[in-house]
Amino acid sequence: MLDPKLLRSDLNAVAVQLARRGFQLDVGRLSSLEEQRKVLQIEADALRAERNANAKRVGQAKAQGQEVATLLAAGENLGGRLTGVDEQLVAIQAQVADFQLLLPNILHASVPEGNDELANVEMRRWGNIREFEFLPLDHSAIGERMGMDFEAAGRISGARFVVMTGPLASLHRALIQFMLDLHIREHGYTEAYVPYLVHREALVGTGQLPKFEADLFSVRGEPGFFLIPTAEVPVTNLVRDQIIAAEKLPLKFVAHTPCFRSEAGASGRDTRGMIRQHQFEKVELVQIVKPEDSDAALEQLTAHAEGVLQALELPYRVLALCAGDVGFSAAKTYDLEVWLPSQQKYREISSCSNCESFQARRLQARYRNKAGKPELLHTLNGSGVAIGRALVAILENYQQADGSVLVPTVLQPYMAGAQLLNSI
RNA sequence: GGAGAGGUGGCAGAGCGGUUGAAUGCACCGGUCUUGAAAACCGGAGGCCCUUUACGGGGCUCGUGAGUUCGAAUCUCACCCUCUCCGCCA
């Protein structure tokens with residue numbers, strides 16, 4: 001959510017900022033709502049003050065044994081008027097809130113202009129793209145020979161699921177363990193285990209709701225839950241309604257969770273293989289920092305995600321997303337894209353974002369600043385990295401002419417020393 | 001699932017329906033004292049919102065939401081959460 005004070009004081013400037021994303025802010029509607037709200041609130045406050053004063057007089061008069069009938073009548077009248085004004089006020093406030101919850105974050109000044117992913121700016125590349133002396137297969141062709149089973153998944157759950165058995169399942173688990181260990185031991189993150197089912201408020205807090213409900217899976221029953229689309233949701237919600245002592249910052253959490261996405265809008269894209277699934281695993285990094293530290297924290301967090309790909313020796317590039325491609329809650333985002341030989345292109349494997357105070361305001365996540373006053377925190381999150389896509393990248397980049405796949409050195413300890421995955 | 005208890009400020013913990021935004025203790029900030037610190041004493045201090053150039057003024061906030069009432073932390077109802085005992089269970 002954007003700062004309501006800013007929306008009141010400089011709405012046109014906000015509109016200009018949001019236009020960078022291609023978001024058209026209805027200035028007229030918001031300012032008209034705001035104007036109505038102000039009138040009603042002032043009136044309601046005045047009536048309430050009068051009612052309170054009148055009620056107090058009743059008490060005093062009674063204590064002195066005086067007649068109170070007039071005061072009681074006045075109180076009843078005030079109460080009636082207040083109820084009417086309050087109803088209008090509540091209705092307007094709800095409209096203002098609904099409107100504001102649909103406004104995306106204001107972009108960081110350093111975000112490049114542009115409408116879509118074509119305008120994203122490549123910051124750097126890492127690693128050497130391997131020359132194949134044979135035609136490299138895509139990951140599903142490789143995987144299907146060693147226990148990656150889309151047919152079985154289809155029988156169980158339908159499209160966009162996968163079953164893995166044997167060494168591939170082990171490789172999948174090894175990736176999780178390796179990434180967690182790297183972030184915990186080398187990068188200073190605290191491991192977190194969190195719920196995979198969350199209530200609506202948690203998703204409003206991080207910005208997935210109310211706008212993106214169609215992307216989520218919900219669970220029937222009472223109470224109603226949503227399956228998390230990313231660990232960002234439960235982990236960032238750790239600081240909901242908290243006032244953190246300044247000396248405890250920054251908070252750095254790493255969590256492995258499954259992620260569930262309905263991806264309703266992506267039908268037809270990446271239908272083959274396990275690039276785009278309804279259920280996938282991710283190791284997620286979350287940082288909770290002071291506002292002045294968040295720019296540096298984004299660079300650091302991105303570097304931590306890059307560290308995973310470097311350790312796995314997977315070639316990748318880093319993109320700064322352009323204005324039109326940055327997500328709803330983020331002020332700035334770097335995407336990491338890993339090289340996939342079968343597609344001869346880089347594909348997203350991590351997304352690292354600084355949300356500044358956007359989520360913190362929805363969450364009321366604060367810290368005590370030097371003046372001793374509560375102040376909104378900044379929140380950041382990034383994949384470190386997506387497990388399924390990392391597995392895809394390994395299969396493709398480490399494949400051998402005979403259909404086997406080398407196990408990256410750093411993963412071998414997690415694979416009981418295995419150096420090679422053979423096709424069955 | 002059954003039975004019971006409870007949710008008050010950073011923490012602990014009072015609070016006959018009416019100057020209680022809330023006693024008291026701890027913690028916190030300022031001052032006196034001290035070479036300095038501690039102790040003692042004095043004083044200050046929650047959060048959110050509206051309004052005001054400012055000084056200030058007003059409202060909301062005792063788990064959440066409704067209700068009763070001239071007036072609710074105090075009464076009623078619903079919901080959420082926590083704890084205890086029993087049962088069940090990975």
Side-chain angles (χ1 to χ4, degrees), chain A residues 1-11 30-101 193-205 219 221-226 234 237-249 251 258 357-377:
Chain A
M1 203 148 94
L2 299 177
D3 184 356
K5 287 193 180 102
L6 185 64
L7 289 172
R8 275 193 290 270
S9 65
D10 213 350
L11 188 54
L30 185 54
S31 46
S32 127
L33 282 175
E34 183 54 34
E35 210 151 306
Q36 295 174 62
R37 197 223 87 235
K38 189 187 282 191
V39 171
L40 287 168
Q41 175 146 6
I42 290 171
E43 192 179 351
D45 279 2
L47 280 172
R48 198 168 273 118
E50 221 177 311
R51 185 206 62 182
N52 290 349
N54 185 264
K56 195 165 278 187
R57 270 182 242 123
V58 174
Q60 290 165 341
K62 272 192 174 171
Q64 297 170 17
Q66 295 170 349
E67 181 57 51
V68 295
T70 326
L71 290 173
L72 291 189
E76 203 151 355
N77 177 270
L78 285 168
R81 286 161 65 197
L82 179 60
T83 304
V85 175
D86 250 348
E87 275 169 16
Q88 296 178 58
L89 177 61
V90 167
I92 286 285
Q93 279 173 333
Q95 287 183 58
V96 172
D98 288 350
F99 191 93
Q100 292 184 353
L101 281 173
Y193 172 78
V194 293
Y196 305 155
L197 295 174
V198 297
H199 55 218
R200 176 172 291 274
E201 289 70 28
L203 288 150
V204 172
V219 177
E222 202 57 45
F225 288 117
F226 292 89
N237 269 273
L238 288 173
V239 291
R240 160 185 290 275
D241 289 327
Q242 301 292 304
I243 299 177
I244 310 289
E247 56 270 23
K248 291 194 173 163
L249 297 170
L251 299 177
S357 61
F358 187 84
Q359 295 178 324
R361 183 170 292 106
R362 290 169 171 235
L363 293 166
Q364 283 303 296
R366 297 172 293 176
Y367 79 107
R368 248 176 232 292
N369 64 20
K370 281 184 186 140
K373 291 294 173 191
E375 184 179 335
L376 293 173
L377 290 157

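Side chains included, hydrogens not; waters and symmetry mates left out as well; all remaining heavy atoms used. Proteins come first, then strands; the chains are lettered A, B, ... in the order of their sequence lines, and each starts at number 1. Source: prediction; values computed, not measured.
Using the Watson-Crick or G-U wobble rule with both distances under 3.5 Å, B:C29 pairs with B:G43. Base pairing annotation: B:U20 forms no Watson-Crick or G-U wobble pair, as no partner gives both donor-acceptor distances under 3.5 Å. Taking a pair to require two hydrogen-bonding distances under 3.5 Å in either a Watson-Crick or a G-U wobble arrangement, B:G4 pairs with B:C83. For B:C88, there is no paired base (Watson-Crick or G-U wobble, both distances below 3.5 Å). With a cut-off of 3.5 Å on both pairing distances, the Watson-Crick or G-U wobble partner of B:C77 is B:G65.
In this model, the phosphate group of B:C28 is not approached by any side-chain N or O of A:Arg368 to a distance below 4.0 Å at OP1 or OP2. In this structure, A:Arg57 does not reach the B:C70 phosphate: none of its side-chain N or O atoms is under 4.0 Å from OP1 or OP2. For the OP1/OP2 pair of B:U51 and a distance below 4.0 Å, the side-chain nitrogens and oxygens of A:Lys38 include at least one atom meeting the criterion.
Residue-to-nucleotide contacts include no donor-acceptor pair under 3.5 Å from the side chain of A:Lys56 to the base of B:G71.
Checking B:G71, B:G47, B:U19 against the side-chain heavy atoms of A:Gln60 singles out B:U19 as nearest. When the nucleotides B:C49, B:G47, B:G59 are ranked by their closest atom to the side chain of A:Asp45, B:G59 comes out on top. Closest to the A:Lys5 side chain, of the nucleotides B:C49, B:U19, B:G71, is B:C49. With B:C60, B:G58, B:C49 as the candidates, the nucleotide lying closest to the side chain of A:Gln41 is B:C49. Side-chain proximity of A:Val58 to the nucleotides B:G59, B:C70, B:U51 is greatest for B:C70. Distances from the side chain of A:Ala55 to the nucleotides B:G71, B:G59, B:U51 place B:G71 closest. Distances were taken from every side-chain heavy atom of A:Glu76 (C-beta onward) to each of B:U51, B:U19, B:C70; the shortest belongs to B:C70.
One P atom belongs to B:C62, the other to B:A73, and the distance between them is 7 Å to the nearest Å. Here, B:A66 and B:C83 have their P atoms 28 Å apart, quoted to the whole Å. Between B:A78 and B:G21, the distance separating the two C1' atoms is 27 Å to the nearest Å. B:C16 and B:A27: their P atoms are spaced 28 Å apart (whole Å). Rounded to whole Å, the separation between the C1' atoms of B:C79 and B:C42 comes to 48 Å. Rounded to a whole angstrom, the distance from the C1' atom of B:G59 to that of B:G7 is 26 Å. Atom name P, nucleotides B:G9 and B:A23: the rounded distance is 12 Å, in whole Å. Straight-line distance between the C1' atoms of B:C80 and B:C70: roughly 32 Å, to the nearest whole Å.
Looking at A:Arg51, its side chain never comes within 3.5 Å of a backbone N or O of A:Leu78 through a donor-acceptor pair. A:Arg362 places a side-chain N or O within donor-acceptor distance of the main-chain N or O of A:Leu101, the cut-off being under 3.5 Å.
For the pair A:Arg51 CZ and B:A72 C1', the computed distance is 10 Å after rounding to whole Å. Going from atom CZ of A:Arg48 over to atom C1' of B:G21 covers 16 Å, rounded to whole Å. Computed from coordinates, the A:Asp241 CG to B:G10 C1' distance equals 15 Å when rounded to whole Å. As rounded to whole Å, 11 Å separates atom C1' of B:C81 from atom NE2 of A:His199. For the pair A:Leu40 CG and B:G59 P, the computed distance is 18 Å after rounding to whole Å. Rounded to an integer number of Å, the gap from CG of A:Asp3 to P of B:C49 is 9 Å. Between the CZ atom of A:Arg361 and the P atom of B:C49 there is a distance of 10 Å, given to the nearest Å. In this structure, A:Glu375 places its CD atom 13 Å from P of B:G47, rounding to the nearest Å.
Between the CD atom in A:Gln359 and the CD atom in A:Gln364 there is a gap of 13.5 Å [rounded to 0.5 Å]. A distance of 9.5 Å separates CG in A:Asp45 from CG in A:Leu82, rounded to the nearest 0.5 Å.
For A:Glu201, the CD atom sits in a packed shell: over 12 heavy atoms of surrounding residues, nucleotides or ligands are nearer than 6.0 Å.
Nearest-nucleotide assignment on RNA chain B puts the 5′-proximal partner with A:Gly59, out of A:Leu72 and A:Gly59. Closest-nucleotide positions on RNA chain B for A:Lys62 and A:Asn52 were compared, and the one nearer the 5' end corresponds to A:Lys62.
Counting non-hydrogen atoms under 4.0 angstrom, A:Ile42 reaches the backbone sugars and phosphates but no base.
A:Asn237 approaches A:Ala202 most closely through the heavy-atom pair ND2-O, 2.9 Å. Residues A:Ile243 and A:Tyr367 come closest through the heavy atom pair CG2-C, 4.1 Å.
Using a 4.5 Å heavy-atom cutoff, the side chains of A:Arg81 and A:Asn77 are in contact.
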